[in-house]
Asker: 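Here you go, one structure.
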Amino acid sequence: MGHFKNTMQELSGLGKTERKRLTEVIRRTKGTISVGEAAETLQVPSTDAAKMLARWASKGWLSRVRRGLYVSVPLESLTSDVPLEDPWLIAERLYAPCYIGGWSASEYWGLTEQIFSSVVVMTMRKPRNRTPMIRNTKFVVRTVQEKTLFGLKQVWRGQVKVSISDPARTVIDMLGDPGLGGGIRPTADVFLSYCKSEFRNLELLVDYARRMGNGAVFKRLGFLLERLVPEEKAALAACQSEITKGNTKLDPALPAARLITKWRLWVPEGWGKERTRGD
């Protein structure tokens with residue numbers, strides 16, 4: 001009880017009416033609170049709602065995410081400067097239409113044992129800041145076209161549904177841009193985990209690759225298939241038939257030492273010789 005009293009004192013007291021209003025706003029919203037939602041809930045003008053939210057934030061009951069958007073502060077917190085309870089809700093609110101992808105999705109589906117401190121968000125929007133830091137959480141934001149919003153699943157985060165790339169789409173996104181997996185090494189590890197998992201569906205991978213319309217995906221997919229699951233002849237043949245002109249780097253972020261002509265792929269030192277799944 002003493003801790004509760006200290007918390008109440010640190011976060012500044014609210015009058016009975018304010019407490020009732022704040023409770024109602026938090027109850028009616030789902031993870032985040034906007035000025036518009038507060039105004040609608042309390043049946044007051046937006047200017048009044050904005051002042052209330054700012055006042056509650058100044059007293060420590062809310063935490064400002066950006067202008068006009070807040071999250072509630074857990075009662076047990078000693079300060080309003082708290083980490084985001086669920087960054088996915090913030091991503092959905094700031095960047096919709098969007099989905100959680102890349103290494104964040106691979107973590108969710110259990111395709112990697114690596115732990116990443118940032119959240120990958122794939123959005124149709126074109127934000128100025130592609131790596132915003134919000135409440136000590138870093139977001140990595142990439143822009144995608146509307147036609148590529150497929151292969152997604154809806155998952156519940158509290159009371160809100162958030163889109164996330166399904167396992168196959170997660171792999172294809174990483175093959176399109178290995179940076180979304182943290183580089184080609186962890187991307188290859190995720191691909192191998194996918195091939196060993198209950199999600200394994202190489203026909204779906206090939207289908208998604210065709211729908212993406214990115215020739216580099218087939219080059220990287222074919223190369224990794226041949227190295228890691230060479231028995232998948234049908235998928236290998238499909239990739240070979242889709243090879244486009246021009247040479248691509250296996251990982252654009254790394255220097256390439258050798259050209260694998262079959263896949264029109266420049267690979268880093270050492271990759272050209274490794275051929276088995278045990279390497």
Side-chain angles (χ1 to χ4, degrees), residues 25-38 40-41 62-74 82-174 176-177 179-182 187 190 193-194 197-199 201 204 208 211-212:
V25 168
I26 293 174
R27 189 175 68 83
R28 291 284 190 92
T29 51
K30 299 177 179 180
T32 57
I33 304 166
S34 69
V35 171
E37 288 169 329
E40 184 177 349
T41 297
L62 299 179
S63 181
R64 183 177 180 270
V65 175
R66 67 163 192 187
R67 183 177 180 183
L69 186 66
Y70 299 81
V71 292
S72 61
V73 174
V82 295
L84 296 176
E85 189 171 341
D86 190 339
W88 290 22
L89 296 180
I90 302 302
E92 175 68 23
R93 194 58 183 262
L94 296 182
Y95 300 111
C98 66
Y99 64 91
I100 303 299
W103 59 69
S104 300
S106 70
E107 281 185 283
Y108 179 85
W109 297 117
L111 297 176
T112 180
E113 294 181 355
Q114 283 191 258
I115 297 175
F116 295 88
S117 59
S118 50
V119 178
V120 175
V121 185
M122 313 291 280
T123 176
M124 283 178 56
R125 300 193 181 195
K126 297 179 180 179
R128 291 181 181 177
N129 187 354
R130 300 275 176 176
T131 54
M133 182 72 76
I134 302 174
R135 288 291 169 198
N136 299 318
T137 297
K138 183 180 179 180
F139 292 81
V140 176
V141 185
R142 300 289 173 85
T143 298
V144 296
Q145 295 180 316
E146 184 176 6
K147 68 179 182 179
T148 66
L149 293 181
F150 63 84
L152 309 180
K153 297 287 187 183
Q154 297 276 307
V155 297
W156 285 100
R157 307 290 284 200
Q159 296 178 287
V160 180
K161 279 186 177 181
V162 177
S163 292
I164 182 173
S165 54
D166 69 21
R169 178 59 193 274
T170 301
V171 170
I172 290 300
D173 277 346
M174 289 182 175
D177 178 0
L180 293 173
T187 292
V190 167
S193 293
Y194 174 84
S197 75
E198 62 183 300
F199 307 119
N201 185 336
L204 185 61
Y208 281 3
R211 293 177 68 179
M212 287 294 287

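Atom set for the values below is all heavy atoms of this structure, side chains included, hydrogens, waters and symmetry mates excluded.
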Asker: Using modelled atom types and a 3.5 Å cut-off, is there a donor and acceptor pairing between side-chain atoms of S193 and backbone atoms of L111?
Answerer: yes
Asker: Find the distance between CG (L180) and OG (S106) and round it off to the nearest 0.5 Å.
Answerer: 10.0 Å
Asker: Output yes when a side-chain donor or acceptor of R142 lies under 3.5 Å from a complementary backbone atom of V120, and no otherwise.
Answerer: no
Asker: Between Y108 (side chain) and G101 (backbone), is there a donor-acceptor pair under 3.5 Å?
Answerer: no
Asker: Give a yes or no answer on whether the side chain of T170 reaches the backbone of S165 with a donor-acceptor pair at less than 3.5 Å.
Answerer: yes
Asker: For the residue pair P87 and V119, what are the closest heavy atoms and their distance?
Answerer: CB-CG2, 3.9 Å
Asker: To the closest 0.5 Å, what do you measure between SG (C98) and CG (L152)?
Answerer: 10.0 Å
Asker: According to the salt bridge (charged side-chain N to carboxylate O under 4.0 Å, His left out) rule, which pairs have a member within residues 115-124, sequence neighbours left out?
Answerer: none
Asker: Could you work out, with side-chain hydrogen bond (donor to acceptor under 3.5 Å, both in side chains) as the rule, every residue matching Q145, not counting sequence neighbours?
Answerer: none
Asker: Pairs in or reaching into residues 149-162: which pass salt bridge (charged side-chain N to carboxylate O under 4.0 Å, His left out), with residues at least two apart or in two chains?
Answerer: D86-R157
Asker: State, yes or no, whether a side-chain contact exists between M212 and F150 at a heavy-atom distance under 4.5 Å.
Answerer: yes
Asker: Sort out for me which residue in V140, D173, T143 forms a side-chain contact (heavy atoms from CB on, under 4.5 Å) with M122.
Answerer: D173
Asker: Please enumerate all residues that pass ring-ring contact (aromatic ring centres under 6.0 Å, His included) together with Y95, with sequence neighbours excluded.
Answerer: none
Asker: Taking only residues two or more places apart in sequence or in another chain, which ones pass side-chain contact (heavy atoms from CB on, under 4.5 Å) with T187?
Answerer: M174, L175, P178, I184
Asker: I need the I90 CD1 to L69 CG distance, nearest 0.5 Å.
Answerer: 6.0 Å
Asker: What distance do M124 atom CE and T148 atom OG1 have between them, rounded to the nearest 0.5 Å?
Answerer: 8.5 Å
Asker: Going through the distances and angles, do V160 and W88 end up as a side chain to side chain contact (heavy atoms under 4.5 Å, CB included)?
Answerer: CA-CA 10 Å; V160 180; W88 290 22; over 6 Å; no
Asker: What residues form a side-chain hydrogen bond (donor to acceptor under 3.5 Å, both in side chains) with Y208, not counting sequence neighbours?
Answerer: D166
Asker: So, for L89 and T32, which heavy atoms are closest and what is the spacing to 0.1 Å?
Answerer: O-CG2, 4.5 Å
Asker: Quick one: are F199 and L204 in side-chain contact, heavy atoms under 4.5 Å?
Answerer: no
Asker: Among all residues two or more places apart in sequence or in another chain, which pass the side-chain hydrogen bond (donor to acceptor under 3.5 Å, both in side chains) test with R125?
Answerer: none
Asker: So, using side-chain hydrogen bond (donor to acceptor under 3.5 Å, both in side chains) as the criterion, who are the partners of R211 when residues are at least two apart?
Answerer: none
Asker: Can you list the residues that meet the ring-ring contact (aromatic ring centres under 6.0 Å, His included) rule with F116, with sequence neighbours excluded?
Answerer: W103
Asker: Taking salt bridge (Lys or Arg N to Asp or Glu O under 4.0 Å) as the test, write out the residues that go with R128, two or more places apart.
Answerer: none
Asker: Not counting sequence neighbours, which residues clear side-chain contact (heavy atoms from CB on, under 4.5 Å) with T131? List them please.
Answerer: N129, K138
Asker: Taking all non-hydrogen atoms of both residues, which atom of A168 and which atom of Y194 are closest, and how far apart?
Answerer: CB-OH, 3.6 Å
Asker: The test is side chain to side chain contact (heavy atoms under 4.5 Å, CB included); show your working for E92 and I100 and say whether it passes.
Answerer: CA-CA 9 Å; E92 175 68 23; I100 303 299; over 6 Å; no
Asker: Could you state the interatomic distance from CZ (F139) to CZ (R130), rounded to the nearest 0.5 Å?
Answerer: 15.0 Å
Asker: Do any pairs count as a salt bridge (charged side-chain N to carboxylate O under 4.0 Å, His left out) and have a residue in residues 93-122, sequence neighbours left out, and if so which ones?
Answerer: E37-R93
